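Lettering follows sequence order; numbering is per chain, from 1. Predicted model only: the values in this text are computed from it and were never measured.
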Amino acid sequence: MGKLRLGWRRQARRIGILVLFVVLGGVLWQYQERQHQDMYTWQGVPTWEALSLTSFHRVLRNDGYLVGWSDVRVNPLWVSYQVAAVDDTRIGSRPDFRPDWRTLWPVGTDSYSGSGYDRGHLAPNYAIAAVHGRSAQLDTFYMSNMTPQRPNLNRRLWQRLEEAVMDHFAPRFDRLQIITGPVFPDKLMDNVFNRVGLVEVPEAFYKIIVAPHDEAPLALAFIMPQDVRGNEPLDDYLVSIDDIEARTGLDFFHELNDNVESVLESEIRTDGWALEEVAKKPGRYQ
DNA sequence: TTTACTGT
C-alpha cells in the first residue's frame, strides 16, 4: 500500500516537471515571437476588430517582413515592414518566385498563368532588398507575399507609390513603418468564386506609411483599385486609416495611446510629406 | 530594369 502511494507520488512529480517545462517553453516561445514581431512592426501587428472568418489570419515570419496569412482568402491580408533611407541603391538580381509550404494551400509559382493578373508583391522586392539584404529579398518572392494585381496597377501606379516611398519619403524621415494589403468586397459570397487558382482576387489594395514619432506620428494612407490606367496622381487615392479599417475589418496600431491613435487614424493629413513633389511623377515602365 | 508577362 505504502509502495503504491510512493510510486504514484513520483509519477505526479514527473508530470509536474513536464508541465512546468511545457509552460516555460511556451512562455519563452511567446517572448521570442514577440521580440521578432517588434522588429518589423510599430505599436502592434494588425489584429481583427471583430472575430470573423474573413479577417482571421496567422502570422508568418520572414527575414525583413511579417505576413498575416488568411487560409480563407488564400491571400496575405497584410504585410508589415520597416524601411530607412539607403546610400547604396544596388540590390541583388531578381530571383525566381518560390512556393511557400506554410500556406498549406498549394499556391504554385505558375498559379497565375494566363489569368491576366500579375503576381504582385505586397512586401516589395526593391525596398526590402535595399534595406534588409539578400536573404530578405529572397523571402519577398514567396508566393505567400503575392496577390493578384492587374498589370496597370502593379507595374505603374503601385510601382510609382513604392518608388515614392524609397526615393522620396524614406530620405525625409529616419525610419518608416509600412503596412500594406488587399481589400475585398464587403460581402463574402459576392467574391468567393472570383479566384486565380485558389487565390481570391482583391478589388483594391491599401498601403499605410507611418513616420513613427512617439508623440506625434505622421501617416499617409492609400487605397488603389485594380482598374486604373496607371498615370493617375497618387494623391487621388488618399484615405484615412479608419477608412482602411472599415474596408478590411483589421485594427492597426492597437497598442498606440487611444488619443494619439484616434487623431492619427481619423484624419487625412499630408503636412510634412511633400506629396505634391512626387504625386505626378511618371512611372519607369510605360 | 526599384514592375512583370508571354512567347520563344
Euclidean distance, atom CG of residue Asn125(A) to atom P of dT3(B) [Å, nearest integer]: 5 Å

Is there side-chain contact between Phe253(A) and Pro217(A), with at least one heavy-atom pair below 4.5 Å? no

By side-chain hydrogen bond (donor to acceptor under 3.5 Å, both in side chains) - contacts of Arg134(A) (at least two apart): Gln137(A)

Round to the nearest Å and state the distance from Asn152(A) atom CG to dC5(B) atom P. 14 Å

Contact class for Gly283(A) vs. all strands (heavy atom < 4.0 Å): base, sugar-phosphate, or nothing? nothing

I need the CG-P distance between Asn154(A) and dT2(B), as an integer number of Å. 15 Å

Can you list the residues that meet the ring-ring contact (aromatic ring centres under 6.0 Å, His included) rule with Tyr117(A), with sequence neighbours excluded? none

Take the protein atom CZ of Arg284(A) and the nucleotide atom P of dT3(B), then report the distance between them rounded to whole Å. 8 Å

Between dT3(B) (P) and Asn145(A) (CG): distance, integer Å: 12 Å

Do Tyr142(A) and Asp139(A) touch side chain to side chain, with heavy atoms closer than 4.5 Å? yes

For the pair made of CE in Met146(A) and P in dT3(B), what is the distance, rounded to whole Å? 11 Å

To the nearest angstrom, how far is Gln149(A) atom CD from dC5(B) atom C1'? 14 Å

Expressed as a whole number of angstroms, how long is the span from Asp88(A):CG to dT2(B):C1'? 13 Å

Could you tell me whether Glu163(A) contacts a base, only the sugar-phosphate backbone, or nothing, with contacts defined as non-hydrogen atoms closer than 4.0 Å? base

Which residue lies more 5' along DNA chain B, comparing Asp167(A) with Arg119(A) via nearest heavy atoms: Asp167(A)

Of Tyr117(A) and Thr89(A), the one whose closest DNA chain B nucleotide lies more 5': Thr89(A)

